[in-house]
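The structure under discussion appears below in the form of structure tokens.
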Amino acid sequence: KAMTGKKEVRDIFKVFGNSNAAAAFYFAELLKSRNILDKKIKGMKRMHPELPKLPPSLVKKQAGLLEELRLMEQKIPAAYKKGNAAVKKAREMEAKLKNKIRAFKASLREQYPFHALLNHHQPVMAHRLPLEPNEALIEYAFNDDGGFVFLIRKDKPVKMFIVSEDLSQLRVRFRELVKPLHRTNKLRELNYRRFSIQRAKAFYDIVLKPVLAELKGTEKLLVVPGSMLMNLSFEMLVIEPGETLSQTVFVGDRWEISYHNSAAVMALNRVKLKKPPLTDKKLFALGNPVYNASDPRYISKLKGDIGKLSTGKPSGEKGAQSQDDAQDHAFTLSYTRRQWKISNEFTGNKNKKALIKFRPLPETGSEVRYIAGLFNTDIRYPDVLLGLDANETRMARVRLNRYRYIHLATHANSTRGVGGNVAPFILLGQVENDEPDNGILTMKEIMKMEINAEMVVLSACTTAIGGLILGE
């Protein structure tokens with residue numbers, strides 16, 4: 001209906017939007033980011049007990065309707081014993097009750113949208129999205145019929161566009177476009193020379209140009225990608241090709257872009273909650289931990305000839321420099337498909353065990369010191385943990401909820417490549433930890449942390465991988 005441009009909206013679709021395009025947007029949102037939305041809502045309910053609640057009268061009505069439905073569902077099996085007429089009557093009563101519940105939830109979405117989003121979370125209708133006048137939300141949806149793009153702005157009708165190319169062909173274009181940006185065995189800089197300005201322009205013409213033609217050019221773009229576009233940086237698309245990269249006008253040169261999992265997640269992120277106490281510290285940073293008791297930094301301390309390790313001076317930070325030294329002082333994790341164990345010694349490859357070695361990372365010490373300099377933060381505990389300070393026990397004593405920015409530069413590993421029940425973890429220092437700390441910060445431990453930071457940076461391997469779930 002939306003594709004035909006017909007303005008008449010059937011009654012059945014009016015509850016989903018005030019136009020066919022708006023209703024189509026509602027259905028496009030149905031499958032987007034359900035997992036993220038569910039987890040985010042559970043977290044908000046746990047962390048914010050002050051969330052607005054329904055008036056007592058509506059709470060009572062809601063409970064009554066759900067109780068009616070429960071009793072009705074109990075009666076249906078008994079109706080089968082009385083014959084077809086009884087079953088038909090019971091089903092009709094059940095359908096009427098479910099319609100009554102749907103109408104009640106629809107009224108909640110109208111009168112108490114935030115409560116409905118938290119407790120009956122359906123997609124947010126286009127005209128209720130919390131957009132600013134200078135913002136434009138661009139959402140992509142792909143299915144067997146092809147690709148669709150929705151343009152949503154405050155107080156303006158929803159516009160829908162059709163992606164002009166077949167999805168399979170679009171995937172081929174996408175792979176060719178981003179191929180030069182993928183890491184290879186060769187120097188990465190060499191690949192950039194193969195980046196095709198013309199391919200980036202052709203891709204822009206297909207997926208973005210028709211939408212931007214509707215805008216003034218001053219709007220901020222809120223992009224909700226889909227399918228292969230989830231792996232695309234829209235800023236790299238080309239508006240006006242030039243002979244060289246420096247002469248080329250990219251999307252990122254003209255437009256400010258932010259990315260969102262779905263419109264519903266964006267709306268939830270913009271809900272005005274009771275804010276936690278303001279953070280009074282700018283930066284907490286951790287880097288270059290000691291992963292093995294044979295590390296020269298630890299040996300030096302035991303001998304008593306190392307100064308203040310928390311100063312970040314080279315004497316306390318260099319550690320192993322050569323490749324051979326790095327292997328000698330690495331942290332080794334060995335595992336099989338069904339079990340795993342942690343070892344600080346190379347035990348060989350017995351029983352078909354695989355080994356992962358986490359070598360020292362002296363460059364992360366330089367990284368943390370540089371970032372601390374940008375924030376005018378002194379290289380000392382508790383704000384900056386380097387070398388022997390960068391272990392789990394020392395970090396656990398830091399009140400992380402006081403920091404606005406958190407930066408962790410160390411090793412990490414996800415479940416990919418590690419068998420058994422190993423949870424994703426961030427590797428911290430392996431020496432001078434107090435029981436029960438073991439220098440391995442697991443996902444479970446991270447989820448229990450109290451953090452008010454605006455941004456947390458995981459400067460570590462395998463921290464941005466995982467399965468792509470439809471709509472995520």
Side-chain angles (χ1 to χ4, degrees), residues 1-34 37 99 102-117 120-165 167 206-227 229 255 257-271 470-471:
K1 291 282 185 183
M3 287 164 56
T4 62
K6 291 183 178 179
K7 293 184 178 181
E8 181 184 356
V9 184
R10 292 175 59 188
D11 290 341
I12 191 173
F13 293 129
K14 287 182 178 178
V15 294
F16 304 115
N18 51 20
S19 69
N20 286 319
F25 166 77
Y26 181 94
F27 287 108
E29 272 274 301
L30 271 177
L31 292 179
K32 279 190 179 287
S33 303
R34 301 308 299 174
L37 199 58
N99 286 334
R102 287 193 195 98
F104 176 74
K105 289 180 178 180
S107 68
L108 289 183
R109 281 193 283 273
E110 185 71 36
Q111 299 174 36
Y112 302 93
F114 179 62
H115 178 274
L117 183 61
H120 312 289
H121 43 284
Q122 296 295 319
V124 180
M125 286 188 279
H127 67 280
R128 292 210 183 94
L129 287 173
L131 296 174
E132 297 296 327
N134 66 331
E135 292 178 330
L137 185 136
I138 302 172
E139 178 158 331
Y140 291 83
F142 294 88
N143 61 20
D144 294 339
D145 296 325
F148 309 91
V149 192
F150 298 92
L151 173 61
I152 301 170
R153 291 163 291 176
K154 187 178 180 66
D155 300 326
K156 292 188 177 181
V158 177
K159 291 204 171 185
M160 191 174 96
F161 307 82
I162 300 172
V163 177
S164 61
E165 193 157 277
L167 184 56
I206 294 170
V207 302
L208 196 55
K209 183 178 179 179
V211 185
L212 297 187
E214 298 284 334
L215 303 178
K216 298 176 182 177
T218 58
E219 296 90 343
K220 295 180 180 179
L221 306 183
L222 284 59
V223 175
V224 179
S227 189
L229 300 185
W255 299 90
I257 302 177
S258 62
Y259 297 89
H260 303 269
N261 304 97
S262 73
V265 172
M266 181 276 292
L268 201 58
N269 285 337
R270 294 188 171 194
V271 169
L470 181 63

Closest approach of [X] to [Y] (non-hydrogen atoms, all atoms of both residues):
| X | Y | value |
| --- | --- | --- |
| W255 | T218 | CZ3-N, 4.5 Å |
| Y140 | G226 | CB-N, 4.0 Å |
| L215 | E219 | CB-OE1, 3.4 Å |
| E29 | A263 | OE2-N, 2.9 Å |
| P130 | R270 | O-NH1, 2.9 Å |

Are [X] and [Y] close enough that some pair of their side-chain heavy atoms sits under 4.5 Å apart?
| X | Y | value |
| --- | --- | --- |
| I152 | L222 | no |
| N134 | K220 | yes |
| F148 | N143 | yes |

task: Drop me the distance from L208's CG to L229's CG, to the nearest 0.5 angstrom.
output: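 These two atoms lie 10.0 Å from each other.
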
task: Check the pair V224 / M266 against side-chain contact (heavy atoms from CB on, under 4.5 Å), numbers first and verdict last.
output: CA-CA 9 Å; V224 179; M266 181 276 292; over 6 Å; no

Donor-acceptor list for residues 153-164 side chains, cut-off 3.5 Å, not counting sequence neighbours:
from: R153; atom 1: NH1; to: E214; atom 2: O; distance (Å): 3.3
from: K159; atom 1: NZ; to: E214; atom 2: OE1; distance (Å): 2.8

field: Intermediate values then yes/no, side-chain contact (heavy atoms from CB on, under 4.5 Å), L221 and V211
entry: CA-CA 11 Å; L221 306 183; V211 185; over 6 Å; no

